[in-house]
Amino acid sequence: KYYPPDFDPAKIPKLKLPKDRQYVVRLMAPFNMRCKTCGEYIYKGKKFNARKETVQNEVYLGLPIFRFYIKCTRCLAEITFKTDPENTDYTMEHGATRNFQAEKLLEEEEKRMQKEREEEELNNPMKVLENRTKDSKLEMEVLENLQELKELNQRQANVDFEAMLKQYKEYEEDQKRKEQE
């Protein structure tokens, strides 16, 4: 490009774009969902052209929260969901229901069990000792099982390739003799 000698970039007018501007982006459905109007299942990984906007007055630790608008593949009803950086996930807003997630429930149950155990240990010093002995027994069992598996693998790994080749050569020679006879 040619820039004349009297060019001044400060004189170029700035674009006044609105804060709540929507962009068209290509995205995949982040979770399994079911449309509320027609009952169509939308599976995780299905690609959509979506509108993306920054949610006003919602920020998590300085991270902006985005809202996505997609359309159902069958009835073209609008489905919206937004990012949830606190839980590193997405939250369903409207237009569909999120399908069952076993992994998430399992993680929540695990966290709850850990919290209960910590609260119990704070109140009862004997429980701390019991939990430690249980943990050490479990660790010992795991190490023993691992050692057994290693021994089994070593037994199976002891293959004598020379003997196998010798046996195969003998077999070939025997076949040649039979053919000659």
Side-chain angles (χ1 to χ4, degrees), residues 1-124 127-128 131-132 134-136 138-139 141-143 145-146 149 153:
K1 289 187 172 183
Y2 171 72
Y3 294 102
D6 61 336
F7 176 74
D8 184 16
K11 290 181 181 175
I12 298 175
K14 295 267 186 179
L15 282 176
K16 304 277 190 204
L17 295 175
K19 292 268 187 190
D20 58 345
R21 182 173 172 213
Q22 290 186 345
Y23 299 93
V24 175
V25 293
R26 183 88 169 156
L27 62 79
M28 291 175 151
F31 46 79
N32 295 332
M33 58 186 117
R34 187 173 183 195
C35 179
K36 283 184 179 175
T37 55
C38 68
E40 175 77 4
Y41 285 99
I42 299 169
Y43 296 101
K44 180 179 180 176
K46 176 94 172 108
K47 291 183 179 178
F48 291 95
N49 290 327
R51 290 182 330 222
K52 175 184 112 173
E53 71 177 12
T54 307
V55 180
Q56 296 298 312
N57 303 325
E58 277 192 50
V59 176
Y60 175 74
L61 299 177
L63 296 170
I65 294 176
F66 298 106
R67 181 177 287 124
F68 298 96
Y69 299 91
I70 62 173
K71 293 196 181 286
C72 174
T73 51
R74 188 195 290 173
C75 67
L76 298 177
E78 192 170 67
I79 299 169
T80 65
F81 53 90
K82 61 183 181 180
T83 57
D84 183 13
E86 185 175 357
N87 300 317
T88 62
D89 199 13
Y90 293 84
T91 55
M92 193 76 227
E93 283 194 315
H94 73 273
T97 55
R98 190 168 180 166
N99 286 4
F100 178 73
Q101 281 187 313
E103 291 176 17
K104 191 172 184 181
L105 289 175
L106 189 66
E107 283 178 12
E108 288 174 1
E109 181 70 20
E110 214 171 88
K111 284 180 184 176
R112 189 182 60 76
M113 293 289 284
Q114 185 67 25
K115 202 174 197 179
E116 282 179 7
R117 182 176 171 177
E118 287 173 3
E119 288 175 6
E120 202 172 62
E121 286 177 356
L122 283 173
N123 299 333
N124 192 348
K127 199 66 176 174
V128 174
N131 287 340
R132 277 190 198 152
K134 281 181 187 176
D135 290 343
S136 63
L138 184 66
E139 191 175 335
E141 287 177 16
V142 167
L143 287 172
N145 290 341
L146 185 63
L149 287 172
N153 284 341

Student: Measure across Ala50 and Leu27 and return the closest heavy-atom pair with its distance rounded to 0.1 Å.
Tutor: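 What the structure gives for the nearest pair is CB-CD2, 3.7 Å.
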
Student: Any salt bridge linking Glu40 with Arg34? Criterion: basic side-chain nitrogen under 4.0 Å from a carboxylate oxygen.
Tutor: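 Not counted as a salt bridge, because no side-chain N and carboxylate O are separated by less than 4.0 Å.
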
Student: To check you understand the geometry: which heavy-atom pair defines the closest contact between Lys36 and Ala96, and what is its length?
Tutor: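 Residues Lys36 and Ala96, closest heavy atoms: CE-O, 3.6 Å.
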
Student: Taking all non-hydrogen atoms of both residues, which atom of Ile79 and which atom of Met92 are closest, and how far apart?
Tutor: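 Of all heavy-atom pairs spanning Ile79 and Met92, the closest is CG2-CE, 3.1 Å.
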
Student: Checking side-chain contact (heavy atoms from CB on, under 4.5 Å) for the pair Arg51/Glu78: CA distance, chi angles, key distance, verdict?
Tutor: CA-CA 11 Å; Arg51 290 182 330 222; Glu78 192 170 67; 2.8 Å; yes

Student: Closest heavy-atom contact between Pro64 and Thr83?
Tutor: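 In terms of heavy atoms, the two residues are closest at O-OG1, 4.4 Å.
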
Student: Measuring from atom NZ of Lys71 to atom SG of Cys35, what distance do you get when rounded to the nearest 0.5 angstrom?
Tutor: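 These two atoms lie 11.5 Å from each other.
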
Student: Can you check whether Thr91's main-chain N or O pairs, donor with acceptor, with Asp84's side chain at less than 3.5 Å?
Tutor: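 No; zero donor-acceptor contacts below 3.5 Å.
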
Student: Start with the C-alpha gap between Tyr69 and Phe81, add the side-chain angles, then the distance that decides, and say whether side-chain contact (heavy atoms from CB on, under 4.5 Å) holds.
Tutor: CA-CA 7 Å; Tyr69 299 91; Phe81 53 90; over 6 Å; no

Student: With side-chain contact (heavy atoms from CB on, under 4.5 Å) as the criterion, how do Asn99 and Tyr41 come out once you've worked through the C-alpha distance, each side chain's angles and the decisive distance to 0.1 Å?
Tutor: CA-CA 9 Å; Asn99 286 4; Tyr41 285 99; 3.6 Å; yes

Student: Measure the CZ-CD distance between Arg117 and Gln114 for me, rounded to the nearest 0.5 Å.
Tutor: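 The CZ atom of Arg117 sits 6.0 Å away from the CD atom of Gln114.
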
Student: Within a radius of less than 6.0 Å around CD of Glu139, do more than 12 heavy atoms belonging to other residues, nucleotides or ligands occur?
Tutor: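 Open: at most 12 neighbouring heavy atoms sit under 6.0 Å from CD of Glu139.
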
Student: Supply the atom-to-atom distance Thr54 OG1 to Ile65 CD1, rounded to the nearest 0.5 angstrom.
Tutor: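 These two atoms lie 10.5 Å from each other.
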
Student: Does a side-chain N-to-carboxylate-O contact under 4.0 Å join Lys127 and Glu121?
Tutor: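 So Lys127 does not pair with Glu121 through a salt bridge.
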
Student: Do the side chains of Glu116 and Arg112 get close enough for a salt bridge, i.e. N-O under 4.0 angstrom?
Tutor: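 Here Glu116 pairs with Arg112 in a salt bridge, since their nearest N and O are under 4.0 Å apart.
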
Student: Kindly say whether Tyr90 contributes a backbone atom to a donor-acceptor pair with the side chain of Arg98 at under 3.5 angstrom?
Tutor: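 Checking the backbone N and O of Tyr90 against the side chain of Arg98, a donor-acceptor pair under 3.5 Å is found.
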
Student: Can Lys52 be said to sit on top of Phe66's aromatic six-ring, NZ or CZ under 6.0 Å from centre and within 45° of the ring axis?
Tutor: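 Judged by the rule (NZ or CZ under 6.0 Å from the ring centre, within 45° of its axis), Lys52 counts as positioned above Phe66.
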
Student: For this output row, return yes or no: ring centroids of Phe68 and Phe48 closer than 6.0 angstrom.
Tutor: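 No, they do not, as the ring centres are separated by 6.0 Å or more.
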
Student: Between Cys75 and Thr37, which heavy-atom pair has the shortest distance, and what is it?
Tutor: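 Shortest heavy-atom contact: SG-OG1, 2.9 Å.
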
Student: For Cys38 and Arg74, which heavy atoms make the closest approach, and how far apart are they?
Tutor: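 Residues Cys38 and Arg74, closest heavy atoms: O-NH1, 3.5 Å.
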
Student: In terms of heavy-atom contacts, does CG of Asn57 have more than 12 from other residues, nucleotides or ligands at under 6.0 Å?
Tutor: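 Counting other residues, nucleotides and ligands, CG of Asn57 stays at 12 neighbours or fewer.
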
Student: Rounded to the nearest 0.5 Å, how far does CG of Leu63 lie from CD of Glu58?
Tutor: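 So the gap between those two atoms works out to 13.0 Å.
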
Student: Can you check side-chain contact (heavy atoms from CB on, under 4.5 Å) on Met28 and Lys44, steps first, answer last?
Tutor: CA-CA 7 Å; Met28 291 175 151; Lys44 180 179 180 176; over 6 Å; no

Student: Taking only Lys NZ, Arg NE, NH1 and NH2, and the carboxylate oxygens of Asp or Glu, determine whether Glu53 and Arg21 approach each other closer than 4.0 Å.
Tutor: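 So Glu53 does not pair with Arg21 through a salt bridge.
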
Student: Measuring from Thr80:OG1 to Ile70:CD1, what's the distance to the nearest 0.5 Å?
Tutor: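 So the OG1 of Thr80 and the CD1 of Ile70 are separated by 9.0 Å.
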
